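Scroll down for the structure; my scribbles are underneath it.
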Number of protein chains: 2
Amino acid sequence: MSALRELELRHLVALDAVASEGTFGRAADRLGYTQSAISQQIAALERLVGERVFDRPGGPRPVELTPFGDVVLRHGRELLSRADSMHDELDRFRNGGVGRLTVGTFQSVSSAVLPALVRSMRTRHPDLEIRGRESPDDHELNGLLAAGEVDVSFIGGAPAPEFECRHLLDDPFVLLAQPGRFPDGPVNVSDLVGEPMIGQQPHSCQLLNEGSLRAAGCDPTYVFRSEDNGTVAAMVRSGMGVAILPFLCLEIEDPRLSFHRLEPVLPPRQITLAWRAGRTLSPAAEEFIELADDECSRLAATMSAFT
Amino acid sequence: MSALRELELRHLVALDAVASEGTFGRAADRLGYTQSAISQQIAALERLVGERVFDRPGGPRPVELTPFGDVVLRHGRELLSRADSMHDELDRFRNGGVGRLTVGTFQSVSSAVLPALVRSMRTRHPDLEIRGRESPDDHELNGLLAAGEVDVSFIGGAPAPEFECRHLLDDPFVLLAQPGRFPDGPVNVSDLVGEPMIGQQPHSCQLLNEGSLRAAGCDPTYVFRSEDNGTVAAMVRSGMGVAILPFLCLEIEDPRLSFHRLEPVLPPRQITLAWRAGRTLSPAAEEFIELADDECSRLAATMSAFT
DNA sequence: TGATGATCATTAGATAGGCTGATGTTCATG
DNA sequence: CATGAACATCAGCCTATCTAATGATCATCA
């Protein structure tokens, strides 16, 4: 289309320098070229735009912008300043300071892990735009990741093969009961046979839990299911039944409930952070992964004190 | 400073083409290059910005922007669109459509010539910004022109040597008197000896007039001076005296006054349009000069019918 | 008026960079 | 495992641009 596609920023820099210095020679000194080079650069610019941009009065008098050159210069300075601001933003992006980071997550991570992470990221990079997409379903989270709608995603289940991922945490299943319902300490899975159970809806996490129970010899009967962990806890407090939940779902300070390890230990839910393999991550995403790793190490330490 | 000063618009065009086409090869076809050239252009761009802008998954899969490349592309498209709008504005400027035109003028031209000129310019170029600077003093007008505060200036007196100029019109001096004060037809300058005169303030135009009178043997006595031509005419109507004014200053339709040629004819005021020699004029200014010439030719024809 | 000095233009030669065309490498597909 | 599509790389050519030297123009000043 436009012949201006051959324009180079160098030309505009030269134009600007000559316009402010008044002579080709001083502009050349300022830019580290010879006078001849500036003369040729301006000539090239004039060839591109099709008009003289400077009047050369001849002799020792300084050159002066033509009206046309003045228009070129005004637009040129605008272009240069855009290029500078691009440079600035690239620098900030390089260290994670700007851009958008979208994270896939599910409920227990959203409430137990993510808030601290978002807080750190926001204090480090106030201008970074952080978004989240929550789903109880691993399959949906995988889909969001594959489609590029999230940059990284927490995954509760098995790491899908087309993703790169980092294992962050083993989240053990814990028995939740009315205080006194069981003696303090670990509870054997066989003691739960026939016990009415409260559970979550049958999505990936819950199904893992149920499968493990059956494999350990206990075929659970669910008398109530809710996606809301507060509701599950309330039902347990009411005596409707007991519940097995991932540790991260628990409000461990609640004195109206008691928590028990299970024996044998059910295979814990593995919490990993996944991203598309072979795709370059944004610096913000890279940093997020490291912070998530740190945060989960701290969490693991806290958890081991409770179980 | 910024390494981005070596950026060329070509790089951004290539980035944009690859991002929309999905492969280097199709982008090359679109832009008329070979695949190799695009590959090298993208490599050059990546060297400039310091990061990969595309992930190349390898094999027959299409390339995809990295998060970094996405930032570069968004800024790059902004730059390209700025360059396009620069191109558009240069085109409009080339045919006089945009920009600013400042004209130096003095009273008689302002009232008799300029309105029609401004009207033509505005209908041809609605977006052109037209300004005027009026002064009764040729010397001041010369100064404005030399300082570049006006692009072109009407000058009533002698053309200053450092300006280029075009002679537009001879504006003859005309005697203004009460009807019946002199017989119809030309009046001899000697008949004005001792006649009380009304005149303008003693600036360049008025002084030219007085000097010519004296040279023709009539030493005028001014009983009233006003810069306002309506006031001068009113004083003449009142019988206070007679006046000699340039033709362009007259309201020739006024039946309460009569107009007379003078004999011998006083050297007319030469109305010229001047601009700085050796400086390129804006297309709008060039066009203005031609229009002024045309308009003044028409005026001269009208005038010769009256004198 | 003529020498001087500052300015930009032009030229020639060297160098760097970019494009083409051919080839190498990678990887999904059947 | 062969095929084909895609990007990378390389060599060779060509163009663009830089430097250095020289030429042309013009104000200034003696």
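The chains referred to below are lettered A, B, ... by the order of the sequence lines, with proteins before strands, and numbering in each begins at 1. The model shown is predicted, which means the values in this text are computed figures rather than measured ones.
By the side-chain contact (heavy atoms from CB on, under 4.5 Å) test, B/Glu286 is found to be paired with B/Leu281, residues two or more places apart in sequence or in another chain being considered. Annotation: side-chain contact (heavy atoms from CB on, under 4.5 Å) contacts of A/Thr34 (sequence neighbours excluded): A/Ser36, A/Ala37. Partners of B/Phe93 according to the ring-ring contact (aromatic ring centres under 6.0 Å, His included) rule, which considers only residues two or more places apart in sequence or in another chain, are A/Phe68. Judged as a salt bridge (Lys or Arg N to Asp or Glu O under 4.0 Å), and not counting sequence neighbours, the contacts of A/Asp91 are A/Arg94. Residues satisfying the side-chain contact (heavy atoms from CB on, under 4.5 Å) criterion with B/Asp170, sequence neighbours excluded, are B/His167, B/Pro268, B/Gln270. With sequence neighbours left out, A/Arg56 forms a side-chain contact (heavy atoms from CB on, under 4.5 Å) with A/Phe24, A/Ile42, A/Glu46, A/Arg52, A/Phe54, A/Val63. Under the salt bridge (Lys or Arg N to Asp or Glu O under 4.0 Å) criterion, A/Glu21 pairs with A/Arg26, A/Arg30, sequence neighbours left out. Residues passing the salt bridge (Lys or Arg N to Asp or Glu O under 4.0 Å) test with A/Glu140: none are found, sequence neighbours excluded. Considering only residues two or more places apart in sequence or on other chains, A/Arg74 meets the salt bridge (Lys or Arg N to Asp or Glu O under 4.0 Å) condition with A/Asp70.
Between the P atom of D/dT17 and the CD atom of A/Glu8 lies a distance of 6 Å, rounded to the nearest Å. Straight-line distance from the CZ atom of B/Phe24 to the C1' atom of D/dT9: 13 Å, rounded to whole Å. The nearest whole Å value for the distance from the CZ atom in A/Arg47 to the P atom in D/dA16 is 8 Å. Straight-line distance from the CD atom of B/Glu6 to the P atom of C/dA16: 14 Å, rounded to whole Å. Here D/dA5 presents its P atom at 13 Å from CG of B/Asp29, a figure rounded to the nearest Å. Atoms OH (A/Tyr33) and P (D/dA16) sit 17 Å apart, rounded to a whole Å. Between the CD atom of A/Glu21 and the P atom of C/dC8 there is a distance of 11 Å, given to the nearest Å.
Under the side-chain contact (heavy atoms from CB on, under 4.5 Å) rule, A/Leu141 has a single partner from A/Ile155, A/Thr105, A/Val150, which is A/Ile155.
Not one N or O on the side chain of A/His75 forms a donor-acceptor pair closer than 3.5 Å with the backbone of A/Val72.
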Every protein N/O within reach of nucleotides 26-30 of chain C N/O, cut-off under 3.5 Å:
unit_1	atom_1	unit_2	atom_2	d
C/dT26	O2	B/Gly59	N	3.3
C/dC27	O4'	B/Gly59	N	3.4
C/dA28	OP1	B/Arg61	NH1	2.9
C/dA28	OP1	B/Arg61	NH2	3.0

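In terms of phosphate contacts, B/Arg10 brings a side-chain nitrogen or oxygen within less than 4.0 Å of OP1 or OP2 of C/dC19. A close approach under 4.0 Å does occur between a side-chain nitrogen or oxygen of A/Arg26 and OP1 or OP2 of C/dT7. At least one side-chain nitrogen or oxygen of A/Arg56 sits closer than 4.0 Å to the OP1 or OP2 atom of C/dA9.
Only A/Gln35, A/Ser36, A/Ser39, A/Gln40, listed by number, bring a heavy atom of residues 34-46 of chain A to less than 4.0 angstrom from any atom of DNA chain C. Of the residues in residues 63-72 of chain B, those lying under 4.0 Å from DNA chain D by heavy-atom distance are B/Val63.
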